[in-house]
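Okay, so here's the structure we're looking at.
Counting starts at 1 for both ligands and their atoms, following the listed order.
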Amino acid sequence: MLDLVDITKVYRGGHRAVGGISLGLRPGVLGLLGPNGAGKSTLMRIAATAARPTTGRVLLDGADVTARPRPLRRTLGYLPQDFGFYPNLTAREFLSYLAAAKGVGARAARVRIGELLDLVGLGAAADRRLGGFSGGMLRRVGIAQALVNDPRVIILDEPTAGLDPEERARLHALLSDLAAERAVVLSTHIVPDVEDIAAEVAVVAAGRLVLRGRPADLVADM
Ligand code: ADP
Ligand code: ADP
């Protein structure tokens, strides 16, 4: 589905955040693990075409989208680490605005947004302003926005941060369902996230892919 081919990223000032990573995303959940500063967010921004790599290519179904991200963005859901909210909008208004921006028709969006808000447990808060939401609630709005265009490729940067155990279990169930037909990649530093739902794990350290395998390999390795 989505292939990252020999990606490097050197930031202004010369810091090499990603030093040559190739990674193929297929249906299923891939957990991206690694310490702070390993390069996970940078890699996910590049996979989501929210940032350009210094060298390397991003392929969608074999077609190079590195410099022409539009086809990918239509079929992509992305939760960045620093997701921005509009405090004066309600959850429903905010999702409607983003759905329109992604080209989802108004009628389809209305139905989809109602379903998504229920799925992430915000049905009762749908018409409240985001400014009054807790961190965990905002995170769930962020997850809902990533799914609003029914994407085939879903990239979530630390989606479980700030969620309580019940919310986390609910997210795991949702992602497991989606992953039957979609490529889902999530970065986390919470090993149980990976053990619960990831069919595969990739471990990144100092900008390099140091392990790709099954969650069981990871536990055996630690
Ligand atoms: P992770 O998500 O694994 O914590 P990041 O991709 O956020 O890692 O960061 C990798 C490295 O790149 C870190 O050393 C970080 O300080 C640096 N970095 C991240 N974003 C930028 C940026 N916009 N400009 C310069 N350096 C950055
Ligand atoms: P936690 O500390 O439990 O991880 P946070 O309260 O920091 O959760 O919030 C989670 C996410 O919501 C973060 O991405 C943060 O930037 C965002 N966020 C938190 N409060 C606000 C706010 N008042 N307005 C906009 N975004 C917010």
Proximal atoms of ligand 1 relative to [X] (non-hydrogen, under 4.0 Å):
| X | value |
| --- | --- |
| Ala38 | 1 (P), 3 (O), 8 (O) |
| Lys40 | 1 (P), 2 (O), 3 (O), 4 (O), 6 (O), 8 (O) |
| Asn36 | 4 (O) |

Exercise. Given the rule that I, L, V, M, F, W and Y join up when any side-chain heavy atoms are under 4.5 Å apart, are Leu174 and Leu95 in one cluster?
Worked result: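 In one cluster: yes.
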Problem set entry | Min N/O separation Ala17 to ligand 1 under 3.5 Å |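 No; every N/O pair is 3.5 Å or more apart.
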For this session: Take the angle between the ring planes of Tyr86 and Tyr97 and call it parallel below 30°, perpendicular above 60°, tilted in between.
Result: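 Tyr86 vs Tyr97 ring planes: perpendicular.
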Problem set entry | Ring geometry between Phe94 and Phe85 (parallel below 30°, tilted from 30 to 60°, perpendicular above 60°) |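 If you compare the ring of Phe85 with that of Phe94, the planes turn out tilted.
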Problem set entry | Flag for Thr90-Asp127: side-chain donor and acceptor within less than 3.5 Å |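 No - no donor-acceptor pair under 3.5 Å links their side chains.
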Exercise. Does a side chain donor of either Thr55 or Thr8 reach within less than 3.5 Å of an acceptor in the other side chain?
Worked result: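 On atom types as modelled, these side chains qualify, holding a pair under 3.5 Å.
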Exercise. Is atom 19 (C) of ligand 1 in close reach of the protein, with a heavy atom under 4.0 Å away?
Worked result: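 Yes, there is one.
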Problem set entry | atom 16 (O) of ligand 1 within contact range, any protein heavy atom under 4.0 Å |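 Within 4.0 Å of atom 16 (O) of ligand 1, no protein heavy atoms are found.
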For [atom], which protein heavy atom lies nearest, and how many Å away is it?
| atom | answer |
| --- | --- |
| atom 9 (O) of ligand 1 | Thr42 OG1, 4.0 Å |
| atom 23 (N) of ligand 1 | Tyr11 CE2, 3.5 Å |
| atom 7 (O) of ligand 1 | Ser41 CB, 3.6 Å |
| atom 8 (O) of ligand 1 | Gly39 N, 3.0 Å |

Indicate, as side chain, backbone, both or neither, the part of [X] found under 4.0 angstrom from ligand 1 when only non-hydrogen atoms are considered.
| X | value |
| --- | --- |
| Arg45 | side chain |
| His15 | side chain |
| Pro35 | backbone |

Exercise. Gly37 near ligand 1, heavy-atom distance under 4.0 Å?
Worked result: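 In this structure, Gly37 qualifies as a contact of ligand 1 - some heavy atom is under 4.0 Å.
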Exercise. Should the heavy atoms of other residues, nucleotides or ligands under 6.0 Å from CZ of Arg16 be counted, would the total exceed 12?
Worked result: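 No - once you tally the heavy atoms of other residues, nucleotides and ligands closer than 6.0 Å, there are 12 at most.
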Exercise. Would you call Asp3-Arg26 a salt bridge at under 4.0 Å N-O?
Worked result: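 Salt bridge present between Asp3 and Arg26.
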Problem set entry | Minimum heavy-atom distance Gly136-Leu163, with the two atoms named |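 In terms of heavy atoms, the two residues are closest at O-CD2, 3.6 Å.
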For this session: Might you point out which heavy atoms bring Leu116 and Ala144 nearest each other, and give the distance in Å?
Result: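 Shortest heavy-atom separation between Leu116 and Ala144 comes out as CD1-O, 3.5 Å.
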